[in-house]
Q: 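Have a look at the structure that comes next, please.
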Amino acid sequence: MSRYRSLPASFYRHPTEQVARELLGRFLVRRLDGQKLVVRIVETEAYLGRQDRASHAWQGRRTARNASLYEAVGVAYVYFIYGMHYCLNAVSGEADEGGAVLIRAGEPLLGTETMTPLRGLKRPPRPGDLAGGPGKLCQALAIDKRLDGVSLTRGALRITRGEPIDADSVATGRRIGIDYAGQAAEWPLRFAIQGNRHVSRPFPWN
DNA sequence: CGGAAGATCCACT
DNA sequence: GTGGATCTTCCGA
């Protein structure tokens, strides 16, 4: 069905803030051992690249870690943080700009019985337990460094058309965990589906 | 080469 | 709300 058709690379070739908004409602599909795990993207953040102090591409920084940011739009940028977590981004914007969208939270749709033990849980999960945060989401979908640089348009990790939401159903806020970024910390580049209970932490609606 | 920081999560009070 | 876990990555000396 068309909800499971991958978004094309051209989808990501637009301003990163726009891509971050339009990724809400889309499906993140992980193929794992012949099984399909699916979450609906409910929260994102835009990182604008060289002009954004919170971005790993701030001032055009190029390192071994962030090489994927300069590969091509539509590829995954996966990095390791805090000694124990991974974060998943979709590279977006213009070539060489270093823009990307952080996938901060998803609503589990398929494969929850597999995600639950991957998360180390033994009880039925409550909203947000499985993928309500960038680190949780990666753990639930078995996303790690091996998926850094892969295309999101095909293969073991894809983003599909899903269920696009209305523009007026998007909640906006400040990005999380980047207080070091000065003025950029106040830019309203965090987005979520209005009222969704699977977000990483409360929005103004709560 | 060493130190410090980090796009987080969890347990505990 | 606070503090600790944990370790790769990066930058300055």
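Side chains included, hydrogens not; waters and symmetry mates left out as well; all remaining heavy atoms used. Numbers restart at 1 for each chain; the letters A, B, ... are given by sequence-line order, proteins then strands.
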Q: Closest nucleotide of DNA chain B for A:Asp129 versus for A:His56: which of these residues is on the 5' side?
A: A:His56
Q: Please report, rounded to the nearest Å, how far the P atom of C:dC11 is from the CD atom of A:Gln59.
A: 10 Å
Q: Below 4.0 angstrom from OP1 or OP2 of B:dA7, is there any side-chain N or O of A:Arg53?
A: no
Q: Classify the nucleic acid contact of A:Arg119 as base, sugar-phosphate or nothing, counting any heavy atom under 4.0 Å across all strands shown.
A: sugar-phosphate
Q: Looking only at N and O atoms, is any donor in the side chain of A:Tyr82 or the base of B:dA5 less than 3.5 Å from an acceptor on the other one?
A: no
Q: Can you check salt bridge (charged side-chain N to carboxylate O under 4.0 Å, His left out) on A:Arg190 and A:Glu43, steps first, answer last?
A: CA-CA 8 Å; A:Arg190 181 183 178 217; A:Glu43 180 184 346; 2.8 Å; yes
Q: Among the candidates C:dC11, B:dC10, B:dA7, find the nucleotide nearest to the side-chain atoms of A:Lys136.
A: B:dC10
Q: What nucleic acid atoms does A:Leu102 come within less than 4.0 Å of, heavy atoms only: base, sugar-phosphate, or nothing?
A: base
Q: Base, sugar-phosphate or nothing for A:Arg65? Non-hydrogen atoms, less than 4.0 Å.
A: sugar-phosphate
Q: May I ask you to decide if A:Arg126's main-chain N or O and A:Asp129's side chain share a donor-acceptor pair within less than 3.5 Å?
A: yes
Q: In terms of side-chain heavy atoms of A:Arg61, which of B:dC10, B:dT8, C:dC11 is nearest?
A: C:dC11
Q: Find which nucleotide of DNA chain C each of A:Ala64 and A:His85 is nearest to by heavy atoms, and output the residue with the more 5' nucleotide.
A: A:His85
Q: Whether A:Arg65 engages the ring of A:Tyr79 as a cation-pi pair (distance to the six-membered ring centre under 6.0 angstrom, angle to the ring normal within 45°) should be assessed.
A: yes
Q: Does the side chain of A:Arg104 get closer than 4.0 angstrom to OP1 or OP2 of B:dT8 through an N or O atom?
A: yes
Q: Write down the distance between CH2 (A:Trp58) and C1' (C:dC11), rounded to a whole number of angstrom.
A: 16 Å
Q: Given atom CD of A:Glu45 and atom C1' of B:dG6, what is their separation to the nearest angstrom?
A: 14 Å
Q: Using whole Å, report how far CD1 of A:Ile143 lies from C1' of B:dT8.
A: 15 Å
Q: Within this structure, what is the CG-to-P distance between A:Leu137 and B:dC9, rounded to whole angstrom?
A: 9 Å
Q: Paired with C:dC11: which nucleotide, if any, by Watson-Crick or G-U wobble criteria at under 3.5 Å for both distances?
A: B:dG2
Q: When you measure from the side chain of A:Phe80, which nucleotide among C:dT8, C:dC10, B:dA7 comes out closest?
A: C:dT8
Q: Pairing check on B:dA7: which nucleotide meets the Watson-Crick or G-U wobble criteria with it, both distances under 3.5 Å?
A: none
Q: Specify the separation, in whole Å, of atom CZ of A:Arg201 and atom C1' of B:dC10.
A: 14 Å
Q: Between A:Arg50 and A:Glu97, is there a salt bridge with N-O shorter than 4.0 Å?
A: no
Q: Once you round it to whole Å, what is the distance between P of C:dT8 and CG of A:Asp148?
A: 16 Å
Q: Select base, sugar-phosphate, or nothing to describe what A:Gly135 touches, counting heavy atoms under 4.0 Å on all strands.
A: sugar-phosphate
Q: Heavy atoms from C-beta onward define the side chain here; which of C:dT9, B:dA7, C:dA5 lies closest to that of A:Met84?
A: C:dA5
Q: Please test A:Thr44 against A:Arg104 for side-chain hydrogen bond (donor to acceptor under 3.5 Å, both in side chains), starting from the C-alpha separation and ending with a verdict.
A: CA-CA 5 Å; A:Thr44 61; A:Arg104 281 197 60 88; over 6 Å; no
Q: How close or far is atom C1' of B:dT8 from atom CG of A:Asp144, stated in whole angstroms?
A: 17 Å
Q: Check the geometry between A:Tyr47 and B:dA7 and answer yes if their rings are stacked (centres below 5.5 Å, planes below 30°), otherwise no.
A: yes
Q: Report yes if a side-chain nitrogen or oxygen of A:Tyr180 is closer than 4.0 Å to either non-bridging phosphate oxygen (OP1 or OP2) of B:dA7; otherwise report no.
A: yes
Q: Taking A:Ala46's backbone N and O only, do any of them form a donor-acceptor pair with A:Arg175's side chain (distance below 3.5 Å, no angle check)?
A: yes
